[in-house]
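All chains are named by letter (A, B, ...) in the order of the sequence lines, taking the proteins before the strands, and each is independently numbered beginning at 1. All figures in this text were calculated on a predicted structure; none of them were measured in a lab.
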Protein chains: 2
Amino acid sequence: MPHPVEAVGACPISPVVDLVFSRWSTPILWVLKEHGRQRFVQIQRRLSGITPKVLTQRLRQLERDGLVTRSYHAEIPPRVEYEISDLGRTLGPVFAVLTEWSDTHFTRVETARHAYDTADRPLPA
Amino acid sequence: MPHPVEAVGACPISPVVDLVFSRWSTPILWVLKEHGRQRFVQIQRRLSGITPKVLTQRLRQLERDGLVTRSYHAEIPPRVEYEISDLGRTLGPVFAVLTEWSDTHFTRVETARHAYDTADRPLPA
DNA sequence: AGAGCCACTATCTTCTGGGAACCTACTGTA
DNA sequence: TACAGTAGGTTCCCAGAAGATAGTGGCTCT
């Protein structure tokens, strides 16, 4: 579900958002960043809940975008490993600033949600 | 399309990603940040392509999360204005680092995509 | 022989985003 | 008076993406 092209004119970071923050992309990148090179099932286990189909789709997309590298070892039995690429590692500061924002401000979001949900709304129809 | 809860354990920024980077949220916040207080149709026009239904949905969500404030003026005719909140404004550094990453690295993504698409793949089945 | 692992693929079903049209209340034009 | 237009939505429907479930083929372990 890519962002529509129309949004790009108004918002220059739309392409990056599609790239890094589409569904499951961030958790996958995070796992590879934190735990290094991983096999398919290892990623799947760390992200309990992801189905193999979706994991394959996302890994292919991340590989195509150059954020992840896939290495196939023609051994017996064969082995496939995924690793975050150099380009993927350049996202470090992005993740860092997001973590910081989360630590500093996320409670305010939760407060706002609770306030919104419990407000008697005047129903300004 | 919220990220599943299972991902949060493995990736602490999943909640923020849902908050800020769900479809259309970023362009809306961007518009409000750049152009200040706006009426419904003004936002719609700047984001040419968004339908009123989706814009309503996203604005409600952003309002609930405290990132946007909605003000209803009971005039004749009534008027509704949306503005980015103080909490929303704290996302500035997040957007800045994303813009910077985009400017610095996005061409590498495009190169990677082209390379992937034109490679003869050995089909390692 | 039977069970299990690995890296997927195939086939459903469900869910959500998007498109088009409609709605109410008001204003402006003729 | 009729007609058109604006603002801020809502309703209905469909297509495409995500998710659940199951299967596959080769290998190994007991």
Peer 1: For the side chain of B:Lys53 and the base of D:dG9, is some donor closer than 3.5 Å to an acceptor across the two?
Peer 2: no
Peer 1: When you get a sec, tell me which of D:dT21, C:dT9, D:dG8 is the closest nucleotide to the side chain of A:Arg60?
Peer 2: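 My answer, after comparing the listed nucleotides, is C:dT9.
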Peer 1: Given side chains that start at C-beta, do those of B:Glu83 and B:Ser71 come closer than 4.5 Å, heavy atoms only?
Peer 2: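 The answer is no, as the side chains (C-beta and beyond) never meet within the 4.5 Å cut-off.
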Peer 1: Step by step, work out the side chain to side chain contact (heavy atoms under 4.5 Å, CB included) result for A:Val94 and A:Val20.
Peer 2: CA-CA 10 Å; A:Val94 174; A:Val20 184; 5.6 Å; no
Peer 1: Would you check if B:Phe40 and B:Pro52 make a side-chain contact, meaning some heavy-atom pair closer than 4.5 Å?
Peer 2: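 When only atoms from C-beta onward are counted, B:Pro52 and B:Phe40 do touch, with a gap below 4.5 Å.
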Peer 1: Give the rounded distance in Å between these two atoms: CD1 of A:Ile50 and P of D:dA18.
Peer 2: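 So the CD1-P distance, A:Ile50 to D:dA18, works out to 10 Å.
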Peer 1: Specify the separation, in whole Å, of atom CD of A:Gln44 and atom P of C:dC8.
Peer 2: 11 Å
Peer 1: Can you work out whether A:Arg58 or B:Gln42 has the more 5'-proximal nearest nucleotide on DNA chain D?
Peer 2: B:Gln42
Peer 1: For B:Gln57 and D:dT10, what is the distance between atoms CD and P respectively, to the nearest whole Å?
Peer 2: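 The answer, rounded to whole Å, is 10 Å.
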Peer 1: Around atom NE2 of A:His35, are there more than 12 heavy atoms from other residues, nucleotides or ligands closer than 6.0 Å?
Peer 2: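 Above 12, so yes.
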Peer 1: May I ask you to evaluate whether B:Tyr82 reaches the phosphate of D:dG9, defined as a side-chain N or O under 4.0 Å from OP1 or OP2?
Peer 2: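 Yes.
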Peer 1: Output the single nucleotide from D:dG19, C:dA7, D:dG9 whose closest atom is nearest the side chain of A:Arg79.
Peer 2: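 Closest nucleotide to the A:Arg79 side chain: C:dA7.
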Peer 1: Reckon A:Arg23 has a side-chain N or O less than 4.0 Å from the OP1 or OP2 of C:dT16?
Peer 2: no
Peer 1: What's the CG-P distance between B:Leu47 and C:dG19, to the nearest Å?
Peer 2: 13 Å
Peer 1: Where the side chain of A:Arg39 is defined as all heavy atoms beyond and including C-beta, which of D:dT10, C:dC6, D:dG8 is the nearest nucleotide?
Peer 2: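 Selected nucleotide (nearest to the side chain): C:dC6.
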Peer 1: To the nearest angstrom, how far is A:Arg45 atom CZ from C:dC8 atom C1'?
Peer 2: 15 Å
Peer 1: Let me know the distance between CG of A:Leu55 and C1' of C:dA7, rounded to the nearest Å.
Peer 2: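 Computing the A:Leu55:CG to C:dA7:C1' distance gives 10 Å.
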Peer 1: Between A:Val54 and A:Pro78, which has a closest nucleotide on DNA chain D that is more 5'?
Peer 2: A:Val54
Peer 1: Of all the nucleotides listed (D:dA22, D:dT10, D:dA7), which has the minimum atom distance to the side chain of B:Val41?
Peer 2: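 Out of D:dA22, D:dT10, D:dA7, the nucleotide with an atom closest to B:Val41's side chain is D:dA7.
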Peer 1: From the list D:dG19, C:dT9, D:dG9, which nucleotide is the closest neighbour of the side chain of B:Phe40?
Peer 2: D:dG9
Peer 1: Can you tell me the distance, in whole Å, between the CD atom of A:Glu75 and the P atom of D:dC27?
Peer 2: 13 Å
Peer 1: Starting from C1' on C:dG17, measure out to CG on A:Asp18 and report it in whole angstrom.
Peer 2: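 Atom-to-atom, A:Asp18 to C:dG17, this comes out as 14 Å.
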Peer 1: Of the listed nucleotides (D:dG8, D:dG19, C:dT9), which one gets closest to any side-chain atom of A:Trp24?
Peer 2: D:dG19
Peer 1: Taking the side chain as everything from C-beta on, heavy atoms only, tell me whether A:Leu87 gets closer than 4.5 Å to B:Val109.
Peer 2: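 A:Leu87 reaches B:Val109 side chain to side chain.
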